[in-house]
Amino acid sequence: MMTNVYFPRYYIPWDPNMCYTIASSLAVVLFLLLCLLWILLWKRRRTRLQLSSGKCNLPTVCWMPKFLNYSPEKDDGCAAAEDISHHDTLRNNNMSTKKLPSSNITNILPRMDRLGGPYGMYATVYGISTKVVHVAHPIPAKAVLADDQVTSSSKPDRRSLISESLGAIKSPAYDHFKNFSGDGVFTADGNIWKAKRTSVLHCLLKGCTKDDSQESQRLEEEANIAADCFISNATSNFNNGKALNVVPLLQRATIGLIYRFITHHNVDVGNQNKRNEQVGEIKNTFSEGSDGSTTCTSDTCSWRSISLSHPTDALKNDHDNVKNPFHDISSYLEAITNIRMIILAQSRSIWFLLPRWMYRTFSSMYREEEKQMVAIRQFARAACENAQPGSPLNMLRFKASHNPNMSREVKEGTEINKELLDEAITLLFAGQDTSAATLSWTLHLLSLYPNIQNKVAMEVHDILQEFNCEKGNRISKKMIAKMPYLDAVVKESMRLYPVAPFVVRKIPYDLTITVVDPGNSESSVMIPRDTFTCIWIYGLHRNPKLWHRPDDFLPERWIDPSLQKLDDAQTKFKGTFMPFAFGPRNCVGQPLAQSILRIMLARIMNECQVIDPRMMKLEKIYTKEGEEMFKYSLSLRKDMQAGFTVLPSGGVRLIIEKRDAYQ
């Protein structure tokens, strides 16, 4: 028999005083929040007035962070993604949205035209009170980047004088790089930066500017090896004429190049599937003499056969996971590709405006960043451990800038301090990313313009014949110095797709820029102190007021005097072309990159033909109409994968064929 169970009811006694206290507390909190909101809006309005009126008087817009968190795995522009057709891209645009669209870069010039500021400049209030001025004209750009062209509206204080003598300031604009590259030469400021840059220049470029020096020959050899690594993987029987993504192949080749160059550690970074076969070939090619020396016994022995310091190095490095960091190189390359996007996303998120400890404590983006940094730090640590005596990375151990306490353990290589690890991360990334990205864009453009590609190949072939250089022999800097059209192709590729689309500097003093309008009347714009200046290299290189046919791939503009006259960037405003930035904080490895890019491209063009399979279909339809073909070539260009450096979105899928004969 069921019985009803009754529970006693409890009543909360009505206390008017308690309710009044709660209501009063809520009212106070609401009042304080409203006061805080008013203060923030007032600060934002004051900052906007400072930029849009008075001596600055620039068109000014307000900008707020776009998102809270970011994951590269959810970004549609992943370079490792499979390529899809242009029509598929259009069809799928409604299905997914990129979190870091390339329009962040490509819309800069239309926005400048719309706002109509002097020299195209305009200002942004970033967040609440962060002042940013955007520049895509050589006069204000060089005034910001070069100390000797800076003029102050008032007598600079001591801090300004120090800043002028020690290069432009990056902090705090580059603080979001700190977890990646620490306090290396890329992010350091002041005396620390000056000391580190001096040391890196001495250790990295020592002897490389002299064609006949041992260091210069090592650089040439490593560039040739890297090109052969790419060619071998791209034309292997496994590919069998299929289209393949050349971006990861170039990344693998160039990371091997920069690793070997800064460590002098001769390690095989070629096709992992063929490593055993290659080692066997090396053992059969060499024989050991009675005195322990190694001699070549093969009729086909060339410089490539002796790329290792000793033939047994291939075996030793292949079986020693500690000494050969390339066993898991895919993890490093994937992490490097992702970290580029994470760092840019961080600068466009709410976390950029908050203290760093809040980002590290509460952001899932930080956890994703740390996840990627594991492979990056492991690879850089292996480079430090393997750095041989006399190598650039080893020489840094003896510099006070990278070994402040002059620790004996650091000198002997038994300990790796933070300064050395930070610099290894910086050098490895910069050396790999610049070369791989530029060559990816260059091969992509050449595949869309076969006539230009054939012209480059013929020039390379003719110069190599002039030097009696047969296929398989080393291409030197002396040879590429006589290849003006190849040089023009590299320049034009870097003009259209600069690896770093923008750089940011902080102005520590009031900066006055003289503006000359078309009627030759002068005025001035004063950028207030503590303003971040964003120099849009992409905008400088595509500004229609500076270049004729700015979006066209036209290598002839660099060597044809009649075309050069049409570019104000090459006549009236020399120095507009700055793919490696400008001034005392330009790219420290620029001389190396210039040689590496040209040697690798010359070798690839001499031995291979790159074909975009989409062009093969179009040629059958539009061969008779050259102008129509040109328009379609433009539409087939790859979008940019937005990061603090840019790669082709979705990779570059090409058919790589051996070039057997020249007509």
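Basis for what follows: all heavy atoms, side chains included, without hydrogens, waters or symmetry-related copies.
- Distance alone, capped at 3.5 Å, is enough to place a donor-acceptor pair between the Lys196 side chain and the Asp183 backbone.
- Between the OG1 atom of Thr645 and the CZ atom of Arg340 there is a distance of 4.0 Å, given to the nearest 0.5 Å.
- At least one donor-acceptor pair closer than 3.5 Å links the side chain of Gln453 to the backbone N or O of Val610.
- Once rounded to the nearest 0.5 Å, the distance linking NE2 of His176 with OH of Tyr366 reads 15.5 Å.
- Judged by distance alone, the side chains of Trp558 and Gln564 never bring a donor and an acceptor atom under 3.5 Å apart.
- With rounding to the nearest 0.5 angstrom, the CZ atom of Arg585 is 13.0 Å from the NZ atom of Lys194.
- Remark: the backbone N or O of Gly127 is paired with a side-chain donor or acceptor of Arg44 at under 3.5 angstrom.
- Under the 3.5 Å distance criterion, the side-chain polar atoms of Gln372 are left unmatched by any main-chain donor or acceptor of Ile339.
- Remark: Lys170 qualifies as a cation-pi partner of Phe186 under the 6.0 Å distance and 45° angle criteria applied to the six-membered ring.
- In this structure, the separation between NE2 on His134 and CE on Met112 is 7.5 Å, given to the nearest 0.5 Å.
- Once rounded to the nearest 0.5 Å, the distance linking CD of Gln346 with CZ of Phe180 reads 12.5 Å.
- Not counting sequence neighbours, Trp547 has no partner by the side-chain hydrogen bond (donor to acceptor under 3.5 Å, both in side chains) test.
- If you take CD on Gln432 and CG on Leu250, they are separated by 9.5 Å, rounding to the nearest 0.5 Å.
- Not a single donor-acceptor pair under 3.5 Å links the side chain of Arg529 to the backbone N or O of Asp510.
- Not one N or O on the side chain of Arg114 forms a donor-acceptor pair closer than 3.5 Å with the backbone of Leu109.
- Distance alone, capped at 3.5 Å, is enough to place a donor-acceptor pair between the Arg557 side chain and the His548 backbone.
- Side chains of Ser181 and Asp422: a donor-acceptor N/O pair is absent below 3.5 angstrom, by distance only.
- In this structure, the ring of Tyr497 has its center no less than 6.0 angstrom from the ring center of His541.
- With a 6.0 Å cutoff to the six-membered ring centre and a 45° limit on the axis angle, Lys455 counts as a cation-pi contact of Tyr485.
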